[in-house]
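What follows is a short report on a single structure.
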Amino acid sequence: MPELPEVETVRRDLATIVVGKRVLGIRGAASAPLRRIRGLTFKNLRRRGKYLLATLGEFELIIHLGMSGRLLAAATIPPVPHVRLVIDLEGGVHLVFVDRRRFGRVSFVRRGDYAGSPTLARMGPEPLSAAFTKSAFGHQLRATKAPIKSLLLNQRLVAGIGNIYADEVLHRAGIHPDRRRLTPLEAGRLHRAIRSVLAAAIHHRGTSFSLHRDGLLPPGNFGRHLRVFQRAGQGCRKCGAPILKVRLARRSTYFCPKCQVRERDVM
DNA sequence: CACGCCTCCTGTGCGC
DNA sequence: TGCGCACAGGAGGCGT
């Protein structure tokens, strides 16, 4: 599930609960470095791309939810399978990391030491920040020849986009997912689409999938605003043509064959 | 270095 | 109904 809007939703839900609280203990599959978190206090809870970051003393807690990870704050440990880690906080609060597929990661490093997370170390700008400029984005898109969808997924040109929002922003921008070397016009449309789609998704608390509809978290409801993702065979909301599903970059890819043409724009 | 492919893990849903 | 297999929202690591 978790792409930028979902991770941001988790961050906002948990920040007010954990910030300022001291760690009383840690249980579960905690690495030796992670066990040093005991006794330290959460100074903040931040997000970078799809990563959650927290400063505690001289250290930084790095949490990536992977494909199936969830992070919950609760007074009692919920009776769900696949609880991997529990961080006990003062005030009777438990931070619970649940991850069915174990693709999630929790690490504890010296502040800013991202050597163990190359994607985080090389992360592109936050799409909703001023650092994400149309001109820099456009220049980078001219300089690389991979399919635009692969570039959106790899986190280096812009942070936080995954398979759902890659398809959604490409549809919004009217760009075929396999287009390469975008024109400045296309780059401009894509830049704008990235900002508007992600902002709207955050507003709706992200896209909720069955894994997350268990009553433990307020559900996201951006799902009903999706224009192409998991809508194969259904009509494009813009032109009515049936949405296609293909494999691209080893991922399911949904697009409208009429609104998103592969040919380069005529300028 | 850029790019593409394979892998990690577990559960679900589909076709036969 | 049962079985086997493809597939699932991510990113790290490797080979080319």
request  = Mind telling me whether Phe59(A) and Phe108(A) have parallel, tilted or perpendicular rings, with 30° and 60° as the class edges?
outcome  = parallel

inquiry  = Between Arg227(A) and Asp167(A) (salt bridge meaning N to carboxylate O under 4.0 Å), is one present in this structure?
reply    = no

message = For a 4.5 angstrom cut-off between non-hydrogen side-chain atoms, does Leu120(A) reach Arg48(A)?
response = yes

inquiry  = Please confirm whether the shortest side-chain N or O distance from Arg102(A) to OP1 or OP2 of dT10(B) is below 4.0 Å.
reply    = yes

task = For the pair Tyr165(A) and Phe222(A), name the ring-plane relationship: parallel under 30°, tilted 30 to 60°, perpendicular over 60°.
result = tilted

Consecutive Watson-Crick or G-U pairs in runs of at least 3, all under 3.5 Å, in which DNA chain B is involved = B:2-8 with C:10-16, B:10-16 with C:2-8

request  = Please write out which residues are connected to Phe255(A) in a hydrophobic cluster, directly or through intermediates, given that two of Ile, Leu, Val, Met, Phe, Trp, Tyr count as joined at side-chain heavy-atom separations below 4.5 angstrom.
outcome  = Leu244(A), Val246(A)

Arg181(A)/Glu186(A) salt bridge by N-O under 4.0 Å criterion = no

request  = Please tell me which of the listed nucleotides, dG11(B), dC3(B), dC7(C), lies nearest to the side chain of Arg100(A)?
outcome  = dG11(B)

query = Does one side chain, of Arg156(A) or Asn154(A), offer a donor that lies under 3.5 Å from an acceptor on the other?
reply = no

key: Between dG4(B) (P) and Leu153(A) (CG): distance, integer Å   = 12 Å

query = Atom CZ of Arg180(A) and atom C1' of dG4(B): how far apart are they, to the nearest Å?
reply = 11 Å

message = Between Ala249(A) and Arg122(A), which residue's closest nucleotide on DNA chain B lies nearer the 5′ terminus?
response = Arg122(A)

ask   = Below 4.0 angstrom from OP1 or OP2 of dC3(B), is there any side-chain N or O of Lys145(A)?
value = no

request  = Among dG10(C), dG4(B), dG13(C), find the nucleotide with the atom closest to the side chain of Pro118(A).
outcome  = dG13(C)

message = Taking the P atom in each of dT1(C) and dG11(B), what is the distance between them to the nearest angstrom?
response = 22 Å

query = Do Phe103(A) and the base of dG10(C) stack face to face, with centres under 5.5 Å apart and an angle between planes under 30°?
reply = yes

task = Give the rounded distance in Å between these two atoms: NE2 of His82(A) and C1' of dT10(B).
result = 7 Å

ask   = When the distance from CZ of Arg142(A) to C1' of dA2(B) is rounded to whole Å, what number comes out?
value = 18 Å

query = Does Gln155(A) have a side-chain nitrogen or oxygen under 4.0 Å from the phosphate oxygens OP1 or OP2 of dA11(C)?
reply = yes

inquiry  = Any base atoms under 4.0 Å from Pro147(A), or only sugar-phosphate, or nothing? Heavy atoms, all strands.
reply    = sugar-phosphate

query = With the threshold set at 4.0 Å, does a side-chain nitrogen-carboxylate oxygen contact exist between Lys50(A) and Glu6(A)?
reply = no

ask   = Between dG10(C) atom C1' and Tyr165(A) atom OH, what is the distance in whole Å?
value = 15 Å

query = Can you check the Ile148(A) CD1 to dG4(B) P distance for me, whole Å?
reply = 12 Å

request  = Would you tell me if any nitrogen or oxygen in the side chain of Arg156(A) comes within less than 4.0 Å of OP1 or OP2 on dA2(B)?
outcome  = yes

inquiry  = Please confirm whether the shortest side-chain N or O distance from Arg250(A) to OP1 or OP2 of dC6(B) is below 4.0 Å.
reply    = yes

task = Kindly say if Ser150(A) contacts the phosphate of dC3(B), meaning a side-chain N or O under 4.0 Å from OP1 or OP2.
result = no

